[in-house]
Each structure stands twice: as structure tokens, then as C-alpha cells.
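In what follows, residues are counted from 1 in the order of the sequence shown. If you're wondering where the values come from, they're calculated on a predicted model, not measured in any experiment. Side-chain atoms are counted along with the backbone in the values below, which use heavy atoms only and exclude waters and symmetry mates.
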Amino acid sequence: MRKKSKASFDPKTFLAKVGDGKTISEHQTNHIIFSQGDVADAVFYIQKGEVKLTVISEQGKEAVVGILRSGHFFGEGCLNGHPLRVTTATAIAECLITRIAKEAMIATMHDEPEFSELFMAYLLTRNSRIEEDLIDQLFNSSEKRLARVLLLLANFGKDARPEPIVGKFSQETLAEMIGTTRSRVSFFMNKFRKLGYIEYNGKLEIHNSLLNVVLYDKPEIKTGNPDNEPGSSD
């Protein structure tokens with residue numbers, strides 16, 4: 001008697017449907033998905049939208065540690081034994097998010113190699129991004145850090161051309177992401193616009209030429225306000 005073959009497993013289909021230990025919910029802009037200090041008991045997957053991860057120090061200082069978009073997981077620290085959330089996750093655009101309970105996540109990774117491969121690929125990519133962010137923070141000027149963040153937000157590298165940045169990123173948020181002041185971000189954004197690297201047309205558009213700020217020390221980038229001096233006020 002021929003053995004019945006197991007139906008093929010599609011990770012994307014699995015993440016897009018409700019099931020045991022798995023729910024799907026919509027989140028409006030500025031809705032908090034979970035807060036720092038909450039019980040960590042599930043992993044989340046973004047089907048649509050964007051999520052901001054922030055952390056607050058004991059002194060009350062807030063920092064943006066990540067901007068995630070569709071296809072990204074977050075909250076995976078619960079799989080590593082973290083009992084509480086170390087960040088706050090906030091929707092910065094309308095989101096459709098899958099919540100997978102910790103037990104269901106572990107079981108699926110154990111039973112479905114295709115899902116494990118998808119999740120591991122995400123973790124490896126994320127870890128590489130963390131290393132790049134650390135190097136960027138340690139060795140690059142705030143001008144280069146801002147240019148790199150704008151390119152990343154515009155999905156630069158996908159089809160070799162940036163896309164319009166979806167969602168509103170205030171200068172305060174950009175400053176928190178690169179570890180500088182809002183006035184300095186304002187100064188550099190105005191410089192990028194004057195040099196034709198970015199445009200404001202209802203939404204922020206990034207041009208390929210902004211990559212010059214990251215890759216090359218061009219003379220026009222060094223003119224004006226030095227990085228070690230306060231930027232002009234808004």
C-alpha cells in the first residue's frame with residue numbers, strides 16, 4: 001500500500017492564516033503592540049505595515065533601535081529565554097500582524113524545516129544589520145549615518161533604486177535612530193535637499209545620488225557646518 005505523502009508546507013501561507021496558537025490583528029498608526037516590561041510569550045510577523053522598536057533607559061531617555069516592515073519578525077527574544085519585553089513595539093503605519101505563541105513557534109520550527117529556514121535566514125540578516133549599525137555608529141559621522149538610514153528606509157538595494165519612504169518619520173525619530181540632535185538632522189536634511197539628493201513631494205523621495213554621502217568623501221559634503229559643531233536651528 002502506497003504511503004500518503006505529506007502536503008507541502010508554505011511558510012508564507014502559514015503566516016498569513018489564523019491557526020492553533022496563531023492570531024492575526026490589525027493595528028492603527030501609533031498603536032502600541034507591546035510595551036517594554038510586558039511578558040514575552042509570543043513572536044510577531046509583519047504581513048503589512050511598519051513597526052518601530054524603542055527602548056527607554058532608567059533615566060527616561062528613549063532611543064529608536066529598529067524600524068521593521070512587511071516580512072520582518074519581532075519579539076523573538078522570548079525564544080531565547082527572555083521573560084519580559086526589552087523594547088516597545090509601535091505601529092507607525094496601518095499594520096496587519098500575525099502573533100505566534102511561543103509554544104506554537106517552537107513546535108512549527110521543529111516540525112517544518114521550510115519555516116525554520118525562513119526564520120533562520122531572517123535572524124542571520126538581522127544580525128548582519130545589527131553589526132553594520134554598530135560599525136556605523138562607532139566610526140561614521142552623523143551625516144553619513146543619516147544618509148544610510150534614509151537609504152535603508154527607502155529600501156535601497158532592492159532593484160538598485162530607492163523607493164519613496166512610506167510613513168512619516170519626524171526629525172526627532174531620525175535623530176534618535178542615529179544618535180544626534182534634531183537640529184543637526186534638520187541641517188543635514190536641508191543640505192541633502194539643496195544638493196538634489198532628496199525631494200519633498202508630499203512624501204520624502206530619496207535619489208541614488210545620496211549613496212555618495214555614504215561611499216565617498218566628496219568636497220561638497222564637507223562644506224558648510226562641520227559635523228563636530230552644532231547644526232543650525234529649525
Problem set entry | Asp20 atom CG: more than 12 heavy-atom contacts under 6.0 Å |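 Open.
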Set of side-chain contact (heavy atoms from CB on, under 4.5 Å) partners for [X], sequence neighbours left out:
X     : value
Val65 : Leu53, Val55, Thr87
Glu26 : Leu96
Glu62 : Thr54, Ile56, Glu176

Between [atom1] on residue [X] and [atom2] on residue [Y], distance to nearest 0.5 Å:
X      : Y      : atom1 : atom2 : value
Leu79  : Met105 : CG    : CE    : 6.0 Å
Thr125 : Met120 : OG1   : CE    : 10.5 Å
Leu195 : Asn190 : CG    : CG    : 11.0 Å
Ile135 : Ile130 : CD1   : CD1   : 12.5 Å
Lys12  : Tyr45  : NZ    : OH    : 4.5 Å
Ile178 : Phe188 : CD1   : CZ    : 7.5 Å

Exercise. Partners of Asp38 by salt bridge (Lys or Arg N to Asp or Glu O under 4.0 Å), sequence neighbours excluded?
Worked result: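 Not a single residue meets the salt bridge (Lys or Arg N to Asp or Glu O under 4.0 Å) criterion with Asp38.
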Exercise. Who pairs with Phe119 by ring-ring contact (aromatic ring centres under 6.0 Å, His included), at least two apart in sequence or on another chain?
Worked result: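 With neighbours one apart ignored, the set is Phe73.
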Exercise. If Ile, Leu, Val, Met, Phe, Trp and Tyr residues are connected whenever their side-chain heavy atoms lie under 4.5 Å apart, and connections chain through other members, are Ile67 and Leu150 in the same group?
Worked result: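 Yes.
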For this session: Check the hydrophobic clustering (I, L, V, M, F, W, Y; side-chain heavy atoms under 4.5 Å; chains of links allowed) and say if Ile24 and Ile97 are grouped together.
Result: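 Each belongs to a different hydrophobic cluster.
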Contacts of [X] that satisfy side chain to side chain donor-acceptor pair (under 3.5 Å) - sequence neighbours left out:
X      : answer
His31  : His27
Asp10  : Thr13
Thr98  : Gln47
Glu199 : Asn201, His207

Exercise. Got a sec, which pairs hit salt bridge (Lys or Arg N to Asp or Glu O under 4.0 Å) with one end in residues 121-132, sequence neighbours left out?
Worked result: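 Qualifying pairs, neighbours excluded: Glu76-Arg126, Arg129-Asp133, Glu132-Arg148.
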Problem set entry | salt bridge (Lys or Arg N to Asp or Glu O under 4.0 Å): pairs with one or both residues in residues 78-104, sequence neighbours excluded |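 Counting only pairs at least two positions apart or across chains, the salt bridge (Lys or Arg N to Asp or Glu O under 4.0 Å) contacts touching residues 78-104 are Asp41-Arg99.
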For this session: Taking the side chain as every heavy atom from C-beta outward, state whether Val213 and Phe192 have any pair of such atoms under 4.5 Å apart.
Result: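 Sidechains of Phe192 and Val213: in contact.
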For this session: Keeping to residues at least two apart or across chains, list the ring pair (Phe, Tyr, Trp, His ring centres under 6.0 Å) pairs with something in residues 92-113.
Result: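 Counting only pairs at least two positions apart or across chains, no ring pair (Phe, Tyr, Trp, His ring centres under 6.0 Å) contact touches residues 92-113.
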For this session: Take Glu143 and Arg184, measure what salt bridge (Lys or Arg N to Asp or Glu O under 4.0 Å) needs, and give me the verdict at the end.
Result: CA-CA 9 Å; Glu143 183 173 23; Arg184 189 166 298 182; over 6 Å; no
For this session: Hey, can you tell me if Phe14 and Phe115 have their rings parallel, tilted or perpendicular (30° and 60° cut-offs)?
Result: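 Phe14 and Phe115: perpendicular rings.
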Exercise. Can Thr173 and Ser170 be counted as having a side-chain donor-acceptor contact under 3.5 angstrom?
Worked result: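 There is such a pair between these side chains.
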